[in-house]
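This is the structure, below, for whatever I ask next.
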Number of protein chains: 2
Amino acid sequence: MAKYLNQKPVLVAVDCIIFGYDGEQLKLLVIKRAIEPVKDKWSLMGGFIGDEENLDGAAKRILLELTGLHDVYLEQLHAYGRPDRDPIERTISVVYFSLIDINKYSKQINDQFHAEWFKLAEVPELIFDHNEMVQAAMDKIRYQAALHPILFELLPKKFTIPQLQSLYEQVYDTPIDNRNFIRKITASGLLIKQTEKDKSNSRRGAFYFKLDKNKHKAQFQSFLNFIPKSTK
Amino acid sequence: MAKYLNQKPVLVAVDCIIFGYDGEQLKLLVIKRAIEPVKDKWSLMGGFIGDEENLDGAAKRILLELTGLHDVYLEQLHAYGRPDRDPIERTISVVYFSLIDINKYSKQINDQFHAEWFKLAEVPELIFDHNEMVQAAMDKIRYQAALHPILFELLPKKFTIPQLQSLYEQVYDTPIDNRNFIRKITASGLLIKQTEKDKSNSRRGAFYFKLDKNKHKAQFQSFLNFIPKSTK
DNA sequence: GCAAAAGTGTTGTCAATACACCCATGC
DNA sequence: GCATGGGTGTATTGACAACACTTTTGC
């Protein structure tokens, strides 16, 4: 096979930023890095791209390795390439972020990587530029979630509206009026009310809802405006 | 320097999608590829990343080489990495798009690359996955421009409101009511009316405006809603 | 005086916010 | 019966879209 002359190849890694929501707290999944340098420091889950793999494929593989999950929300965030970002060897990192149902995960948790969930406010120092990547992912999620129903990806099959609202409140770090929130959410038509209630948080209980997956897909690209504009 | 073992490095290229607006038509700048394979086919301007360069730096360099322009709007779009996307050698491409004032460019046009502007509707077949990249860039611009004042980057220092409106109409391929458009634009406070008129398009003439750069920066992150929501 | 583009106002509708009380239930 | 979180309704405001005519001026 012909080659481009005089070009210096570099390593290409794919790193995955994995968010989960346990019904109370938005969390980030990180691992203890298994290889030198900075072995045993906290790190995003990542890996080098395989010979016959495209970028999305590598991200899916890495996510599967760590969580056992297929078919989860995964989106390319950004490519990072500072020459010195990895002190060992020039490495470009293409970063993905993923939103998963933390309950699905915990059934298949894999201790091999010494993975741990951290509350977003308590994420430890990560290797290289990984903290910067997490920050960028949160910014992007805030951007996306204001217009598209991506946060549903974090919820279990059945969830309550207070859970959903609390998730939005955490992502935007702002209190949301529950009457207006419920009105918007129900107006979107994305939810299907169940007959059962979740009684774990109150005596009265909160109705469970399921996501209408068809409507979710159909409306994914439309702009929905879930977040109140600050009235200043 | 220590190295990661058993990892196969690959080439990393940066490609630039360059948009310009001549006051009438939104256009894309492409070049005739100078090297084999597919020499002399139309291609995005690109290059391999340098040893001491980060990705943004490489994009700026490539843009400067082709246009002679510094300090233009430049944003990372996406990384592409299909194993077979470049038939010669495995190459990951990190793609940027850029919005420039086509008039500034033409003063410094550089024939060395056999560059040519194409109307968006008439972009020829490009090499590899470059057409797909251009499509993705247009999608992203539509997304961004609905909320942020990025399209001003395409205009000369002085421009008229009909020019601006026509640009929006092209980007969204839809007619826009001029009364509502003017109201929104003036309400944004981004424009400073000049005393001169552009008489090239009508006997009456259209007032020139300048962009208020401070307000433009300040409001860049806020959501502005320039595009009418389809009333369906 | 007329052609050709620029510019200007009003109205109705809908969506968003602000805001406070009753409901259901387990103890 | 009371404490706890869940759920509900209304009034006001502001933003948006729809819509058609007058203005300017070079020829």
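First the proteins, then the strands, lettered A, B, ... as listed; each starts at 1. Keep in mind that this is a model prediction, so the values were computed, not measured.
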Legend entry - Euclidean distance, atom NZ of residue A/Lys199 to atom C1' of C/dA24 [Å, nearest integer]: 8 Å

Inset, instruction - Take atom CD of B/Gln194 and atom P of C/dG7, then tell me their distance rounded to the nearest Å. - result: 13 Å

Inset, instruction - Output yes when at least one side-chain N/O atom of B/Lys184 is less than 4.0 Å from OP1 or OP2 of D/dA17, else no. - result: yes

Inset, instruction - Give the rounded distance in Å between these two atoms: CG of B/Asn180 and C1' of C/dT13. - result: 14 Å

Inset, instruction - Measure the distance from CZ on A/Phe207 to P on C/dC23 and round it to the nearest whole Å. - result: 15 Å

Legend entry - Interatomic distance, A/Ile182 CD1 vs D/dT10 P [rounded to whole Å]: 16 Å

Inset, instruction - State, with a plain yes or no, whether a side-chain heavy atom of B/His78 is found less than 4.5 Å away from one of A/Gln76. - result: yes

Inset, instruction - Return the 5'-most residue of the pair B/Phe209, A/Arg203 with respect to DNA chain C, ranking by each residue's nearest nucleotide. - result: B/Phe209

Inset, instruction - Look at the side chain of B/Asn178 and the base of C/dA6, then say whether one donor and one acceptor between them are separated by less than 3.5 Å. - result: no

Legend entry - Parallel, tilted or perpendicular: rings of A/Phe152 and A/His216 (30°, 60°): perpendicular

Inset, instruction - Rounded off to whole Å, could you give me the CD1-to-P distance for the A/Ile176 and C/dC19 pair? - result: 16 Å

Inset, instruction - State whether the side chain of A/His114 and the backbone N or O of A/Ile31 hold a donor-acceptor pair below 3.5 Å, judged by distance alone. - result: no

Inset, instruction - Report the nucleotide, chosen from C/dG7, D/dG7, C/dT8, that has the shortest atom-to-atom distance to any side-chain atom of B/Arg179. - result: C/dT8

Inset, instruction - Would you indicate what B/Ile161 reaches in the nucleic acid, counting non-hydrogen atoms under 4.0 angstrom: base, sugar-phosphate, or nothing? - result: nothing

Inset, instruction - Check every strand shown and say whether B/Asn201 touches a base, only sugar-phosphate, or nothing at a heavy-atom separation below 4.0 Å. - result: sugar-phosphate

Output a table of donor-acceptor pairs, distance under 3.5 Å, between side-chain atoms of residues 13-26 of chain A and any protein atom two or more places apart or on a different chain; print 'none' if there are none.
residue : atom : partner  : partner atom : Å
A/Asp15 : OD2  : A/Ser93  : OG           : 2.6
A/Tyr21 : OH   : A/Gly23  : O            : 3.3
A/Tyr21 : OH   : A/Gln163 : O            : 3.0
A/Tyr21 : OH   : A/Ser166 : OG           : 3.0
A/Tyr21 : OH   : A/Leu167 : N            : 3.4
A/Asp22 : OD1  : A/Glu24  : N            : 2.7
A/Asp22 : OD1  : A/Gln25  : N            : 2.6
A/Asp22 : OD2  : A/Lys27  : NZ           : 3.0

Legend entry - Interatomic distance where CD belongs to B/Gln165 and P belongs to C/dG7 [whole Å]: 11 Å

Inset, instruction - Calculate the interatomic distance between A/Lys193 atom NZ and D/dT8 atom C1'; express it in whole Å. - result: 11 Å

Inset, instruction - Look at the side chain of B/Pro162 and decide which nucleotide, out of C/dC19, C/dA6, C/dG26, has an atom nearest to it. - result: C/dA6

Legend entry - NZ/A/Lys140: more than 12 non-hydrogen atoms of other groups inside 6.0 Å: yes

Inset, instruction - Could you tell me whether B/Lys197 contacts a base, only the sugar-phosphate backbone, or nothing, with contacts defined as non-hydrogen atoms closer than 4.0 Å? - result: nothing

Inset, instruction - Specify the residue among A/Arg183 and A/Gly205 whose closest nucleotide of DNA chain D lies further upstream toward the 5′ end. - result: A/Gly205

Legend entry - Donor-acceptor pair (no angle test) under 3.5 Å: B/Arg204 side chain, C/dA6 base: yes

